[in-house]
Amino acid sequence: MSKTKLSSERIFNFSAGPSALPLEVLEEAQRELLSLGGIGMSVLEISHRSKQFTSIIESAEKNVRELLSVPENYQVLFLQGGASLQFAMVPLNFLKSSADYITTGAWGQKAIREARRRGNVNPIFSAEADGFKLAPRESALRFSSETDYVHYVSNETIQGVEFKYDLDAGGIPVVCDASSNILSKPIDVSKYALIYAGAQKNIGSSGVTLVIIRDDMLEKIPANQFAMLDYRHFAENKSLPNTPNTWGIYLVDLVCKWIKRRGGLPAMKQFNEEKAKILYAAIDSSDGYYRGHAERDSRSVMNVTFRLPSELLENKFCTEAAEAGLDGLKGHKTFGGIRASIYNACPRESVEALIDFMKHFAEKNG
Ligand code: PMP
């Protein structure tokens with residue numbers, strides 16, 4: 001197979017995160033790197049209190065609000081510490097008597113582990129015994145009567161398991177880790193109390209965590225909370241209580257503008273579903289050579305996970321794929337197999353090249 005034709009030096013990138021960014025965004029950032037908007041300085045070199053950066057962060061917030069139709073009674077915040085810090089910040093701020101946790105994969109496991117350090121946790125659903133292949137049906141979930149919130153991970157990046165609905169917990173605050181499927185499709189933000197997402201997949205680069213939090217949640221935060229662990233502190237200071245990741249926030253703005261130019265989240269959803277559809281079809285039509293991990297109705301549109309007949313073949317697959325210009329296909333080290341991460345910025349050509357490679361590989365190694 002020939003190497004990439006995406007641009008002269010770029011290859012087909014299936015990395016799970018940090019992951020491919022839109023070429024247009026990279027080119028724009030490159031163009032502006034030495035002199036942002038003609039000011040003679042880079043965004044990396046100006047104060048986070050400067051008028052130029054103020055307009056960047058305001059634009060990033062405005063664009064996130066527009067794309068996700070964020071209602072007025074929600075704050076859009078840019079934090080640091082990754083989604084992993086949110087595993088701790090959520091219980092630190094909101095776990096008082098107990099919290100419900102739904103576990104559909106490795107990130108949900110990490111979240112519940114952190115919550116347990118803080119207080120009582122009710123593991124109301126776990127798909128661990130079944131090997132993390134599915135998301136629960138909404139009607140099958142039973143919430144605890146005294147729970148402070150319910151937490152779930154809308155897309156498990158490692159196992160490739162995705163919820164196909166915005167969880168409705170009948171008035172219980174819903175907290176969602178949407179790190180790996182945010183901005184991939186429209187969601188109903190009004191159903192959530194708090195959504196968080198590391199930016200390094202669909203929103204921009206690592207080092208920024210997007211938090212969307214409903215105003216009433218801010219009132220529940222203990223008065224003596226440490227400032228840098230307090231959502232209120234970030235809300236009151238418009239995400240600038242200290243020096244933020246200015247470069248990362250600049251990229252969020254560029255990525256959001258790119259998504260808008262592409263037709264917003266409805267167009268993104270259609271584009272992503274088409275890519276996932278042809279890739280899963282290639283798995284399903286391989287006479288069992290490739291075996292998808294997740295159950296069909298829980299299959300992730302973002303992270304397509306599958307197995308080959310042996311680990312030996314999986315290693316060979318990754319090595320030969322890399323030689324053919326297809327990178328980042330090795331499954332997570334704790335889980336194995338193959339994982340193709342096909343986020344917003346992954347072009348259809350990448351998926352088509354992968355399908356082509358898979359067909360040839362199965363023919364040669366069947
Ligand atoms: N949640 C999910 C769903 C993730 O995919 C990841 C990272 N891949 C994390 C949490 C942890 O994110 P971070 O590395 O930004 O802390």
Side-chain angles (χ1 to χ4, degrees), residues 13-21 77-92 101-115 117 125-128 132-135 150-164 166-167 174-185 187 192 194-212 228-229 234 239 244-245 247-249 251-252 255 272 293-294 298-305 328-337 339-346:
N13 180 358
F14 298 94
S15 174
S19 45
L21 281 162
L77 309 174
F78 302 106
L79 274 60
Q80 300 186 51
S84 300
L85 181 58
Q86 295 307 302
F87 296 159
M89 251 175 101
V90 166
L92 274 173
Y101 274 71
I102 297 168
T103 312
T104 52
W107 295 109
Q109 280 180 311
K110 293 209 171 181
I112 200 170
R113 213 172 292 145
E114 291 294 85
R117 295 178 200 271
F125 177 89
S126 172
E128 185 173 7
F132 290 133
K133 291 185 171 163
L134 60 101
V150 54
H151 179 279
Y152 76 111
V153 180
S154 55
N155 184 66
E156 280 287 355
T157 323
I158 293 177
Q159 281 84 5
V161 168
E162 185 169 18
F163 281 74
K164 304 296 174 182
D166 298 302
L167 180 64
V174 174
V175 177
C176 179
D177 173 359
S179 293
S180 50
N181 67 352
I182 190 122
L183 300 185
S184 69
K185 59 183 177 184
I187 55 169
Y192 299 88
L194 194 165
I195 300 169
Y196 62 89
Q200 63 267 29
K201 299 156 200 314
N202 267 340
I203 328 178
S205 65
S206 59
V208 176
T209 313
L210 174 68
V211 170
I212 302 172
M228 289 304 287
L229 299 173
F234 284 86
S239 297
N245 177 348
W247 174 253
I249 293 168
L251 284 178
V252 171
V255 169
N272 288 324
H293 171 74
S298 298
R299 282 175 161 177
S300 170
V301 172
M302 298 280 97
N303 309 98
V304 177
T305 48
L329 287 163
K330 201 169 175 48
H332 192 269
K333 61 181 188 305
T334 57
F335 185 61
R339 170 175 55 174
S341 297
I342 54 172
Y343 302 117
N344 287 352
C346 170

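One-based numbering, in listed order, for ligands and for the atoms of each. The chain is numbered in sequence order, starting from 1. Predicted model, so just to flag it, every value in this text is computed and none were measured.
Within the 4.0 Å heavy-atom criterion, both parts of A83, backbone and side chain, lie near ligand 1.
Put simply, part of Q200 is less than 4.0 Å from ligand 1, judged by heavy atoms. Using a non-hydrogen distance threshold of 4.0 Å, E156 does not register as a contact of ligand 1. Using a non-hydrogen distance threshold of 4.0 Å, I158 does not register as a contact of ligand 1.
Within the 4.5 Å cutoff, the side chain of Q86 has heavy atoms near those of the L79 side chain. When side chains are defined from C-beta on, T104 counts as touching F163, because their heavy atoms get closer than 4.5 Å. Inter-residue side-chain proximity for Y192 and D166 is flagged as met; some heavy-atom pair is nearer than 4.5 Å.
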Inset, instruction - Output, in order, the C-alpha distance, side-chain angles, deciding distance and verdict of side-chain contact (heavy atoms from CB on, under 4.5 Å) for L251 and V208. - result: CA-CA 10 Å; L251 284 178; V208 176; over 6 Å; no
Inset, instruction - Please report the C-alpha distance between N344 and L183 in whole Å, then the side-chain angles of each, then the deciding distance to 0.1 Å, and finally whether the side-chain contact (heavy atoms from CB on, under 4.5 Å) criterion is met. - result: CA-CA 8 Å; N344 287 352; L183 300 185; 4.1 Å; yes
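For ligand 1, the atoms sitting less than 4.0 Å from at least one non-hydrogen atom of N155 are 3 (C), numbered in the order shown with element in parentheses. Which parts of ligand 1 touch T157 is read off a 4.0 Å heavy-atom cut-off, strictly below it: atoms 2 (C), 3 (C), 4 (C), 5 (O). Within ligand 1, counting atoms from 1 as listed, the ones closer than 4.0 Å to a heavy atom of V153 are 3 (C). Per-residue contacts place G82 under 4.0 angstrom from the following atoms of ligand 1 (heavy atoms of the residue considered): 15 (O), 16 (O).
Of the protein's non-hydrogen atoms, the one nearest atom 1 (N) of ligand 1 is D177 OD2, 2.6 Å. Of the protein's heavy atoms, W107 CZ2, 3.5 Å lies nearest to atom 7 (C) of ligand 1. The protein non-hydrogen atom at the shortest distance from atom 16 (O) of ligand 1 is S84 OG, 2.6 Å. Remark: minimum distance from atom 8 (N) of ligand 1 to any protein heavy atom is reached at K201 NZ, 2.8 Å.
Taking CE from M89 and OH from Y196, the interatomic distance works out to 11.5 Å, rounded to the nearest 0.5 Å. Rounding to the nearest 0.5 angstrom, the gap separating the NE2 atom in H332 from the OG atom in S341 is 11.0 Å.
S180 contributes a side-chain N or O that, together with a main-chain N or O of N155, makes up a donor-acceptor pair within less than 3.5 Å.
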